[in-house]
There are 2 protein chains.
Amino acid sequence: MTTRADGRGLAGFAALLADPTRAGFCLTLLDGRAWTAGELARSAGVAASTASDHLTRLVRGGLLVEQRQGRHRYVRLADPAVAQLVEDLAGRAPTPATPPRTLRAASAGAALAYARTCYDHLAGRLGVLLYDALLARGVLDLAGGLALTPAGTSWLADLGVPVEPLRAARRPLVRDCLDWTERRPHLAGALGAALCTRLLDLGWTERGTGRSVRLTRAGRPALAEALALDPSALAPPPRDGGPARA
Amino acid sequence: MTTRADGRGLAGFAALLADPTRAGFCLTLLDGRAWTAGELARSAGVAASTASDHLTRLVRGGLLVEQRQGRHRYVRLADPAVAQLVEDLAGRAPTPATPPRTLRAASAGAALAYARTCYDHLAGRLGVLLYDALLARGVLDLAGGLALTPAGTSWLADLGVPVEPLRAARRPLVRDCLDWTERRPHLAGALGAALCTRLLDLGWTERGTGRSVRLTRAGRPALAEALALDPSALAPPPRDGGPARA
DNA sequence: CGGACCGTTCGGCGCCGGCCGAAACGTGCC
DNA sequence: GGCACGTTTCGGCCGGCGCCGAACGGTCCG
């Protein structure tokens, strides 16, 4: 008899994500923020007791970490690697094919498709655009795997993103992450996170509801100049409430 | 009400790996080869009918692809990305802590720990050693993410591994993959696969039973020279059948 | 101290999913 | 054609898991 592959460990771990409610929690937490147990329960539409049980399992399984404050229990994804894992899995999973039912949901979907956070970095059309522009400007290079160029380091310094501290992290500096909506890569890794934070700090972008992100009035020309792009290339989606296209 | 994260797609996909038998199948198939339904059933210790059902699901879910030949049904992992996913998940899963029961199993474990295939590239002590040596020789570079250096390209050409064709693939050229046994990275990606194949072609390594790989008599000095290492650094584990240490 | 609120524990219900054996189906071989 | 063998389909059994509501324990606030 040959060596038997014991699938129990893997199966037990995968089982954590094999429940729609728990999976939904993880997807919700992909926004990178900490949520309370009650918020997650309401957002998923289950009883508080049910959510409590699920969270306990996810924490014990190492997918989530918790932080108790007073009578609140905050949870968030344990680390970027978990976020990456959830993204990878979700990206492979067949989309449940749930077309938006209401106008409100449709416009929220459009906002998310334009720009959103993917755990701690930027995704959506804007994320992909940024990725492409960084390659075009020679900040990143694809030959032999995605890498930051020397010229890129100084470009980032000009923008106010010091690269050296990021190298110290155990996390990969640059990484590509397949975008769900665009089906093309955007920038992840420590640099992707730092860049996303910096854009928010500069006021070029700001958080909307949920995971959505907006390019601000001031941010649009500023980002276009930094990337040597025409501002029209960064055009946001048609206004919410405008003429519906279908 | 905010946008609800629908976890059904993700959950359904994760459920494929959430069963010990199915997970075991995937781990077994990590050797990169195609197995018949019956072989997998025996190896997992379940009835043929049970295995058949599981395989159908895994294929429908896109994790496996099948190839029917006469009265046999061959299955293998759908693509390298799936293998990567399984590796990532298995790497995070808590080890079931199953100490080897028999001497035979223990020695098989030692052989696997020394060198094995991880889907289509080299893993184990030898895999990690190779990874380190490639970094030390400047074939690979870690600054700004793992990348192949220009010097590395010619080093590979000398070894008989043309890099250009690999760049054309949609698969990342280089990628690090966390080694289960060593808990340190080894080389994956298109280059990791090509290098593994080349070593086998050169006769420097050869396949053992299951996923295990051996460094051949001729391969040891040859590989040591190519990597500018002392041959003793590539020493295999103590012989099977030798004095047991416990 | 009493009330509002957040979270957890407990018991119980219902369903889904994994397992098997028996029988049917197809293929290859004699 | 007849037989052997790999695989699939079909019932049926059983255990586990997700769900809820009710009761309980903390925490914050007035």
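Proteins come first, then strands; the chains are lettered A, B, ... in the order of their sequence lines, and each starts at number 1. Only this structure's heavy atoms are used, side chains among them; waters, hydrogens and symmetry mates stay out.
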How would you list all residue pairs meeting salt bridge (charged side-chain N to carboxylate O under 4.0 Å, His left out) that involve residues 186-208 of chain B, not counting sequence neighbours? B:Glu206-B:Arg214
Touch class at under 4.0 angstrom, heavy-atom based, for B:Thr56 against every strand present: nothing
4.5 Å side-chain heavy-atom contact, A:Leu17 and B:Phe13: no
Base contacts versus sugar-phosphate-only contacts with protein, heavy atoms under 4.0 Å: please encode nucleotides 19-30 of chain D as B, S and - from 5' to 3'. SBB-----BS--
Residue set satisfying side chain to side chain contact (heavy atoms under 4.5 Å, CB included) with A:Ala48, at least two apart, ordered chain then number -> none
With sequence neighbours excluded, residues passing side chain to side chain contact (heavy atoms under 4.5 Å, CB included) with A:Asp53: A:Arg57
Listed by chain and number, what are the ring pair (Phe, Tyr, Trp, His ring centres under 6.0 Å) partners of A:His121, not counting sequence neighbours? A:His186
5'-most contact on DNA chain D: B:Arg73 or A:Ala15, nearest heavy atom basis? B:Arg73
Could you note down all residue pairs passing salt bridge (charged side-chain N to carboxylate O under 4.0 Å, His left out) where residues 21-32 of chain B supplies at least one of them, sequence neighbours left out? B:Asp31-B:Arg33
Do B:Leu187 and B:Leu146 touch side chain to side chain, with heavy atoms closer than 4.5 Å? yes
Taking the side chain as everything from C-beta on, heavy atoms only, tell me whether A:Leu195 gets closer than 4.5 Å to A:Leu130. yes
Span of DNA chain C, from the first to the last nucleotide whose atoms fall under 4.0 Å of chain B heavy atoms: C:dG18 to C:dG28
A:Asp120 meets the side-chain hydrogen bond (donor to acceptor under 3.5 Å, both in side chains) criterion, sequence neighbours left out, with A:Arg171
Just how large is the angle between the end axes of the helix from C:dC1-D:dG30 to C:dC30-D:dG1, five pairs per end, to 10 degrees? 30°
Hey, which sits more toward the 5' end of DNA chain C by its nearest nucleotide, B:Arg57 or A:Gly38? A:Gly38
Using a 3.5 Å cut-off and no angle test, enumerate the donor-acceptor pairs between side-chain atoms of residues 70-82 of chain A and protein atoms at least two apart in sequence or in another chain.
from	atom 1	to	atom 2	distance (Å)
A:Arg73	NE	A:Glu66	OE1	2.8
A:Arg73	NH2	A:Thr56	OG1	3.4
A:Arg73	NH2	A:Glu66	OE1	2.9
A:Asp79	OD1	A:Ala81	N	2.7
A:Asp79	OD1	A:Val82	N	3.1
A:Asp79	OD1	B:Arg92	NH2	3.0
A:Asp79	OD2	B:Arg92	NH2	2.7

Does B:Arg68 make a side-chain N or O approach to OP1 or OP2 of D:dT8 shorter than 4.0 Å? yes
